[in-house]
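Right, one structure below, let's go through it.
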Amino acid sequence: IRTGVVYIVVSLVSSVLFLAAIAAIYAALGTVNMAQISERMGEIPQETQFVLHMMLLVAFSIKAAVFPVSFWLPDSYPTAPAPVTAVFAGLLTKVGVYAIIRTETQLFADNDVNLLLMVIALATMIVGVLGAVAQAELKRILSFTLVSHIGYMIFGLAIATPAAIGATIYYMVHHIVVQTTLFLAVGLIEARGEWGVLAPLPEALVVQRGELRVQMREEVIARAGGGS
């Protein structure tokens, strides 16, 4: 219930920001057509452009699970059924990334926030990887790696070259297929009655590995002593 409430609240916040930005754009420019917005954006003051830009960027970043507004994803995805999680993991965050790409390349191409996007992308990558390393449940591992991969996509957008943006779109399509398949595979494991948790090594195996390390250390010392 808690994770469901968090997801609803986060969705409401991002939706309110998005609708408020759209209403402000319509009030300032008299249109919500993206082509016309890009043509008329220069008619409004730079400060207003920046505010609208940040409102849309934050709203879409929440949908895309970009750090620091990615906290909702690792808690929400593992609690949902596998088919639902697979669809969400494959499509929901990519819609947010695609919206950011359209916003940055079409609506606010003259407002350079590439350095900010690059810093946020690096933070998203690092937080996702470190979070995945600390998990034992497979769904949570996949959820944190998803956040990390979103960072790679935003990083490609921040580079802001045609090749980088093309690579970002290609990676988005690839990630939809791979991430959906991975969550479905974890769901299949759970459906077969297996736990979706990485178990620790058996005690006997740990002892054997410890003994092997001792033997290897003694062998290295013996060879070093013989060589001298």
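All values below come from the heavy atoms of this structure, side chains included, with hydrogens, waters and symmetry mates left out.
With rounding to the nearest 0.5 Å, the separation of OG in Ser70 from CD1 in Ile150 is 10.0 Å. Residue Thr48 holds its OG1 atom at 12.5 Å from CD of Glu43, rounded to the nearest 0.5 Å. The distance from atom CD1 of Ile154 to atom CG of Leu116, rounded to the nearest 0.5 Å, is 11.0 Å. Gln36 CD to Ile25 CD1: the interatomic distance, rounded to the nearest 0.5 Å, is 13.0 Å. The distance from the OG atom of Ser143 to the CZ atom of Phe88 is 12.5 Å, given to the nearest 0.5 Å. In this structure, CZ in Phe183 is found 4.5 Å from CG in Leu142, a value given to the nearest 0.5 Å.
Residues Gln179 and His175 bring a donor and an acceptor atom of their side chains to less than 3.5 Å of each other.
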Hey, can you pull the donor-acceptor pairs under 3.5 Å for the side chains in residues 14-22, sequence neighbours left out?
| from | atom 1 | to | atom 2 | distance (Å) |
| --- | --- | --- | --- | --- |
| Ser14 | OG | Val10 | O | 3.3 |
| Ser14 | OG | Ser11 | O | 2.9 |
| Ser15 | OG | Ser11 | O | 2.8 |

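Applying the side-chain contact (heavy atoms from CB on, under 4.5 Å) test between Leu184 and each of Thr181, Thr180, Leu182 identifies Thr180 as the sole match.
Of all the heavy atoms in Leu73 and Ala65, the pair that sits closest is CD1-CB, 3.5 Å. The minimum heavy-atom distance linking Thr31 with Arg40 is given by the pair CG2-NH1, 3.7 Å. Contact between Asn114 and Ala160 at its shortest, heavy atoms only, is ND2-CB, 3.5 Å. A pairwise comparison of heavy atoms in Ala121 and Gly151 identifies CB-O, 3.3 Å as the closest pair. The two residues Leu107 and Met34 have their closest heavy-atom pair at CD2-O, 3.6 Å.
Phe60 and Phe67 fall into different hydrophobic clusters, defined by Ile, Leu, Val, Met, Phe, Trp and Tyr side-chain heavy atoms under 4.5 Å apart, directly or through other members. In terms of hydrophobic clustering, with Ile, Leu, Val, Met, Phe, Trp and Tyr side chains grouped at heavy-atom distances under 4.5 Å, Val97 and Val178 are assigned to a common cluster. Connection of Phe50 to Leu52 is established within a shared hydrophobic cluster, with ILVMFWY side chains joined at heavy-atom distances below 4.5 Å, either directly or through further cluster members. Hydrophobic cluster membership is shared by Val32 and Phe108, with clusters built from Ile, Leu, Val, Met, Phe, Trp and Tyr side chains linked at under 4.5 angstrom. Following chains of ILVMFWY side-chain contacts shorter than 4.5 Å, one can reach Phe71 starting from Leu146, so the two form part of one hydrophobic cluster.
The backbone N or O of Val9 lies less than 3.5 Å from no partner atom in the side chain of Trp72, so there is not a single donor-acceptor pair. Formation of a donor-acceptor pair under 3.5 Å by the Arg140 side chain with backbone atoms of Ala132 is not found in this model.
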> Stepwise, does the side-chain contact (heavy atoms from CB on, under 4.5 Å) test hold for Leu157 with Thr105?
Replying inline: CA-CA 9 Å; Leu157 173 62; Thr105 59; 4.2 Å; yes
> Step by step, would you call Lys63 with Thr93 a side-chain contact (heavy atoms from CB on, under 4.5 Å)?
Replying inline: CA-CA 6 Å; Lys63 292 292 186 182; Thr93 52; over 6 Å; no
>> Let's go through Met172 and Ile101 carefully: what are the C-alpha distance in whole Å and the side-chain angles of both, what is the deciding distance for side-chain contact (heavy atoms from CB on, under 4.5 Å) to 0.1 Å, and is it a yes or a no?
In response: CA-CA 11 Å; Met172 285 171 55; Ile101 292 174; 3.8 Å; yes
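At least one side-chain heavy atom of Met41 sits under 4.5 Å from a side-chain heavy atom of Ile44. The shortest distance between side-chain heavy atoms of Val113 and His53 falls below 4.5 Å. Annotation: side chain of Ile100 is in contact with side chain of Leu57 (closest heavy-atom distance under 4.5 Å).
For an aromatic pair to be called close, the ring centres must be under 6.0 Å apart, and His174 with Tyr171 satisfies this.
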